[in-house]
J.: 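This is the structure, below, for whatever I ask next.
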Amino acid sequence: MRKSYKTEINPTQEQIQKINKTIGTCRFIYNFYLAHNKELYNKGEKFMTAKSFSVWLNNEFLLNNPEYLWIKDVSSKSVKKSMENAYTAFTRFFKKQSRFPRFKKKNKSDVKMYFVKNNPKDCFCERHRINIPTLGWVRLKEKGYIPTTKQGYVIKSGTVSCKAGRYYVSVLIDIPNTEKPKLNNFGLGIDLGIKEFAVISNGIRKKNINKTAKLKKLEKQLKREQRCLSRKYEDFKKRNNKMKGEATRQNIQKQVLKVQKLHHRIENIRADYINKCVNEIVKTKPSYITIEDLNVKGMMKNRHLSKAVASQKFYEFRTKLEAKCKELGMELRIVDRWYPSSKLCHECGCIKRDLKLSDREYICECGYHADRDYNASLNLRDATSYKIA
């Protein structure tokens, strides 16, 4: 079994320059591959795969254009991986699984430096540092999180990424198969919402993280910094003096980094909360967990709820819960989005057609009275029509 680990690193200034140079080259190659295939299509020529593009680039293009030889200054594995990523984007577009691939933009697109284990001395990990090809030993900020090579774990491949001025390494490690825990003879139903993040059929309620004082304070601070950035852009447009304009451009970059750091911090708080929720749910060791297949894309079309829905990160919660259930041997059941979990009475099975979104209590003619979301979680737990993730 293979498992990925991601943690922050503390590279030296020389290593930062190498990482930035590699990421910049990978971005250029990705965009070059897209542009070249667009050009071939306009000429009516055959589409070029990643392998054929690599051969053409090394044997024809670089020989005829020596000013682009700086491409070979970085890791060849990273360059080839960027070609494969671009080819995968085209493949998904041809299969109608995604839209037409777009060009990567500097400081906006998520481009990573890829590395792979080529020889026994590569990708050697210790408690406080990791050996990355072309970079050498890089210090880890979180000591002991990644399993070390001395413990018998082998790093197969990994990536180095940069986000808001901070650098991260993600590695793929071979983990020996361990015995799966003994599960209890009960199931759980989870009803996700906006007022409360999750209501579980065992009575546990997970609050909406966005309503906490800490996140409200950070979002207020983010608004101020974004307004400040907007004013700097307007000021830059009015500048006619080149010297003052250059100083304003540097101030804009500093302000952009401030905004990025705040976005990154808010994102980390939400991701951490989702991780804790998932761990708390699976700790009870149920035999199965049932959730609803939410139409998040449709919910986002409501302009009054779109921000609240996006900040709840329902898809990320489902992805992490699915991975955890697979690891522990639990069954994750997905109920159809049209299943009337909120309108169905858990006691008598009657469907209340006139139930409104503003009705927070479920009151049935049979005398059953319960919280709307808790009733939905019970119905999800006992649902008989579902598909297994």
Side-chain angles (χ1 to χ4, degrees), residues 3 180-211 267 269-302 305-347 349 351-352 355 357 359-362 370-389:
K3 192 175 180 181
K180 294 179 179 178
K182 188 178 179 181
L183 304 177
N184 297 317
N185 191 23
F186 68 86
L188 290 178
I190 304 173
D191 181 66
L192 300 175
I194 296 173
K195 187 179 178 182
E196 290 177 304
F197 176 68
V199 178
I200 310 171
S201 58
N202 59 3
I204 296 175
R205 292 172 177 268
K206 307 306 292 184
K207 64 181 180 180
N208 187 341
I209 187 64
N210 299 296
K211 294 182 180 180
E267 184 183 343
I269 290 172
R270 287 173 178 159
D272 179 64
Y273 183 71
I274 289 174
N275 290 336
K276 287 177 179 176
C277 288
V278 170
N279 287 331
E280 190 175 337
I281 290 167
V282 299
K283 268 184 182 177
T284 56
K285 298 178 183 178
S287 57
Y288 67 89
I289 298 173
T290 310
I291 60 173
E292 197 172 2
D293 182 23
L294 294 175
N295 182 18
V296 179
K297 193 174 181 179
M299 293 164 72
M300 290 286 288
K301 291 180 181 178
N302 187 335
L305 300 175
S306 57
K307 185 182 176 183
V309 171
S311 60
Q312 290 289 68
K313 293 181 175 287
F314 292 137
Y315 182 75
E316 185 176 339
F317 173 79
R318 174 175 168 174
T319 305
K320 290 182 177 179
L321 183 64
E322 188 175 338
K324 207 71 178 176
C325 289
K326 187 177 180 181
E327 182 183 342
L328 300 175
M330 298 176 188
E331 189 179 89
L332 181 63
R333 300 177 178 178
I334 309 296
V335 173
D336 186 72
R337 64 183 58 170
W338 303 113
Y339 180 72
S341 58
S342 298
K343 296 182 179 181
L344 185 67
C345 177
H346 183 255
E347 192 71 29
I351 298 177
K352 195 174 183 180
L355 187 71
L357 191 62
D359 299 334
R360 304 316 302 172
E361 297 288 330
Y362 189 92
D371 179 76
R372 173 201 179 102
D373 296 331
Y374 180 66
N375 176 66
S377 66
L378 293 174
N379 289 328
L380 288 172
R381 182 195 65 185
D382 299 337
T384 54
S385 58
Y386 55 85
K387 62 178 182 180
I388 299 172

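Heads up: numbering here begins at 1 and tracks the sequence.
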J.: Considering residues at least two apart in sequence or located in another chain, which fulfil the side-chain hydrogen bond (donor to acceptor under 3.5 Å, both in side chains) criterion with K307?
T.: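 side-chain hydrogen bond (donor to acceptor under 3.5 Å, both in side chains) check on K307 returns nothing, list empty.
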J.: Just to verify, what does S311 make a side-chain contact (heavy atoms from CB on, under 4.5 Å) with, not counting sequence neighbours?
T.: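 With sequence neighbours excluded, S311 shows a side-chain contact (heavy atoms from CB on, under 4.5 Å) to N210, R270, given in chain and number order.
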J.: Could you list the residues that satisfy salt bridge (Lys or Arg N to Asp or Glu O under 4.0 Å) with R205, not counting sequence neighbours?
T.: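 Partners of R205 under the salt bridge (Lys or Arg N to Asp or Glu O under 4.0 Å) test: E196, D371.
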J.: Who passes salt bridge (Lys or Arg N to Asp or Glu O under 4.0 Å) against K211, sequence neighbours left out?
T.: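 K211: no salt bridge (Lys or Arg N to Asp or Glu O under 4.0 Å) contacts found.
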J.: Identify, with sequence neighbours excluded, every residue that meets side-chain contact (heavy atoms from CB on, under 4.5 Å) alongside L328.
T.: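 Per chain and number, L328 pairs via side-chain contact (heavy atoms from CB on, under 4.5 Å) with P181, V282, K324, M330.
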J.: The criterion is salt bridge (Lys or Arg N to Asp or Glu O under 4.0 Å); which residues satisfy it with K320, sequence neighbours excluded?
T.: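 K320 satisfies salt bridge (Lys or Arg N to Asp or Glu O under 4.0 Å) with E316 once adjacent residues are dropped.
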J.: Which residues satisfy the side-chain hydrogen bond (donor to acceptor under 3.5 Å, both in side chains) test with K313, sequence neighbours excluded?
T.: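 For K313, no residue satisfies side-chain hydrogen bond (donor to acceptor under 3.5 Å, both in side chains) once neighbours in sequence are set aside.
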J.: Listed by chain and number, what are the side-chain contact (heavy atoms from CB on, under 4.5 Å) partners of I351, not counting sequence neighbours?
T.: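 Checked I351 against side-chain contact (heavy atoms from CB on, under 4.5 Å); matches are P340, K343, L344, R353.
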J.: For F186, check side-chain contact (heavy atoms from CB on, under 4.5 Å) against everything at least two apart and list the hits.
T.: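 Only N184, L188, T284, P286 meet the side-chain contact (heavy atoms from CB on, under 4.5 Å) criterion with F186.
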J.: R372: which residues meet the side-chain hydrogen bond (donor to acceptor under 3.5 Å, both in side chains) condition with it, sequence neighbours left out?
T.: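 In terms of side-chain hydrogen bond (donor to acceptor under 3.5 Å, both in side chains), with neighbours along the sequence ignored, R372 is linked to no residue.
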J.: Who passes side-chain hydrogen bond (donor to acceptor under 3.5 Å, both in side chains) against D382, sequence neighbours left out?
T.: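 In terms of side-chain hydrogen bond (donor to acceptor under 3.5 Å, both in side chains), with neighbours along the sequence ignored, D382 is linked to H346.
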J.: Would you list the pairs meeting salt bridge (charged side-chain N to carboxylate O under 4.0 Å, His left out) in which at least one residue belongs to residues 280-292, sequence neighbours left out?
T.: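 Output for this query lists K206-E280.
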